[in-house]
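One structure below.
These values consider heavy atoms only, across backbone and side chains, with no hydrogens, waters or symmetry-generated copies.
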Amino acid sequence: ADLTDDADDVADVELSENVARDFIEYFRGEVVGHEQNGLLMYFSVLSGWGYDEDFHTNCMGMGPPGSGKSLTKNTIRNLIDDTDSYTKTDATSNAILDSREWDLSLVAILDEYDKVNRDIIEVLKSSNSEDGGYAKDRNVEDPDARGGYSPTEISADAIPWVLLYAPSSKKGGVNDELEDRALILYFSNDKFTRRGIGRKEFGHESIDIATEEHDYEYIYDTHALAASLRQRVRQLPTETHYEEDEDGDEFLASRTGGTPVYVPRWVWYACEPIFNLDEDETNRVYGIVVNLIKGSALLNHDRRNTRDVEVYVDADSTDTETKEAVVVSPQDVANVLSCLPTLLSTTHQLTPLKRHLLDAVKATEPATDADGTTVSKVQSWLKQNDIPHPSRSTLKSRLDELDEDYYLNKWKSVAGKNGQADAYKIANRVHWKSHEPTICKIRPTGTESS
């Protein structure tokens, strides 16, 4: 059943002009760190309330056990009513296809990849705008057919999903086609957040974490704020779709989001610099980023301008109707681009570990052009800076990947005491630092050309 919120709790909280700030406040009250991952995952979930399947954003949280993936997912899950979310990870694909619960949900917030039935993976791969949902034939009894059976199509609508994955998974890696269809969010903790998590587990509240980069307070009461955020999502319109059964009686077959979002042309020019235009994989990333921006506009729908847009009545019709669309604002672009360090995992395949490795190479390589740094120096730098890192062999593998992607230059067996170690040096290409990419300034004047 839906969680029932007290009307007084909702009335007690006046949400900000930019509701993303309220989400961050709520999130910090429940989770230590991972604000960027949480905000982007929340925008992904909200894509289920968008008007069409092209809006949908799939999301996959990756990281070691205990890194905060499940806590982040469950914290966001707390803002979504049960009737709007599909959560059964141990179901079979037939359970999804035979039950209308999947089609009546607006988003699937699932669990660890290991717990998901293999058949469901096939449903998830088809649950995106490119494939338009999952369908297959099933033989059913038919006395008029040869052999007594005839094929009947059964299907599952496309809805956005959230899934988690740990490197220790027994499945030995995520299905490549599934991973290509998702926003990838990597979870890791530094010593400051780990200490804060420890204090939380010991019952501490109002935990202040101060580093060179930020000073924030975590873990406090969010009851009333969560109620207001839940109510906000309930206010988003949805559309219901009816079909007829064999007896000609109508039944509720599915639900979809009901809010179109209009993206002005200037948004592309603001976002273009963050993409890796040298790789074909970027083509799928475009849709992910623009849909995250749409998710921000949805969250702030009553604080945005609107305009009329023409949409098709349904996928099989040439008839159109006019709907009121929410218009993306500069604040929505800023909400997403402020998470650029996290987005780099998807836009440039630069995980947090790879970004740390680039930092380490830059900090440890000699000033002369003839030499470079080594795996040993990188490993030592990571340890000195309290940065979690895997084994030496894994570090070498990641450094070699950075060489293959032209972030590093590698020379085999030219370094070290015996001249047998590989040397690495920063290559001349785009910076990976969150503050270094040049992003267009957003100065819309209200005209389409701007």
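Between Asp332 and Lys294, no side-chain nitrogen of the basic residue sits less than 4.0 Å from a carboxylate oxygen of the acidic one, so the salt-bridge criterion is not met. Using a cut-off of 4.0 Å between Lys/Arg side-chain N and Asp/Glu carboxylate O, Lys323 and Glu239 are scored as salt-bridged. The residues Asp103 and Arg255 are annotated as not salt-bridged, no charged nitrogen and carboxylate oxygen being separated by less than 4.0 angstrom. The pair Lys425-Asp403 does not meet the salt-bridge criterion, since no charged nitrogen lies less than 4.0 angstrom from a carboxylate oxygen.
By the side chain to side chain contact (heavy atoms under 4.5 Å, CB included) test, Arg195 is found to be paired with Arg199, residues two or more places apart in sequence or in another chain being considered. The side chain to side chain contact (heavy atoms under 4.5 Å, CB included) check on Ile24 picks up Arg28, Glu35, Leu39, with sequence neighbours excluded.
Rounding to the nearest 0.5 angstrom, the gap separating the CG atom in Leu298 from the CG atom in Asn291 is 10.0 Å. In this structure, Leu350 CG and Ser345 OG are separated by 7.5 Å, a value rounded to the nearest 0.5 Å. Rounding to the nearest 0.5 angstrom, the gap separating the CZ atom in Arg21 from the CD atom in Glu25 is 9.5 Å. For the atom pair CG (Leu353) and OG1 (Thr394), the distance works out to 9.0 Å, reported to the nearest 0.5 Å. The line from OG of Ser188 to NE2 of His34 is 7.0 Å long, rounded to the nearest 0.5 Å. Rounding to the nearest 0.5 Å gives a distance of 15.0 Å between CG of Asp111 and OH of Tyr165.
Donor-acceptor pairing under 3.5 Å is recorded for the side chains of Asp400 and Tyr424. Residues Ser105 and Glu101 have side chains that never bring a donor and an acceptor to within less than 3.5 angstrom of each other. Residues Ser47 and Ser44 bring no donor and acceptor atom of their side chains to less than 3.5 Å of each other. A donor-acceptor contact under 3.5 angstrom links the side chains of His241 and Thr256, judged on distance only.
Listed for the Lys69 side chain is no donor-acceptor partner under 3.5 Å among the backbone atoms of Met62. Side chain of Ser85 to main chain of Asp82: no donor-acceptor pair is present (N/O by atom type, distance under 3.5 Å, no hydrogens or angles). No side-chain donor-acceptor contact under 3.5 Å links Ser397 to the backbone of Ser393. A distance-only check finds a donor-acceptor pair linking the side chain of Trp161 to the backbone of Leu124 [under 3.5 Å]. Side-chain atoms of Thr193 do not come within 3.5 Å of backbone N or O of Asn189 as any donor-acceptor pair. In this structure, Asn37 contributes its side chain and Tyr186 its backbone to a donor-acceptor pair below 3.5 Å.
Looking only at side-chain heavy atoms (C-beta outward), Leu183 and Asn58 stay at 4.5 Å or farther from each other. No side-chain heavy atom of Tyr113 sits under 4.5 Å from any side-chain heavy atom of Leu164. Side-chain contact between Pro264 and Val327 is present, with heavy atoms from C-beta onward closer than 4.5 Å.
Ring orientation note: the planes of Tyr26 and Phe23 are tilted relative to one another, at an angle of 30° to 60°. Aromatic ring orientation, Phe275 versus Trp268: parallel (interplanar angle below 30°, classes split at 30° and 60°).
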Query raised in the report: Going through the checks in order, is the salt bridge (charged side-chain N to carboxylate O under 4.0 Å, His left out) test met by Asp22 and Arg232?
Result: CA-CA 11 Å; Asp22 300 296; Arg232 186 165 194 75; over 6 Å; no

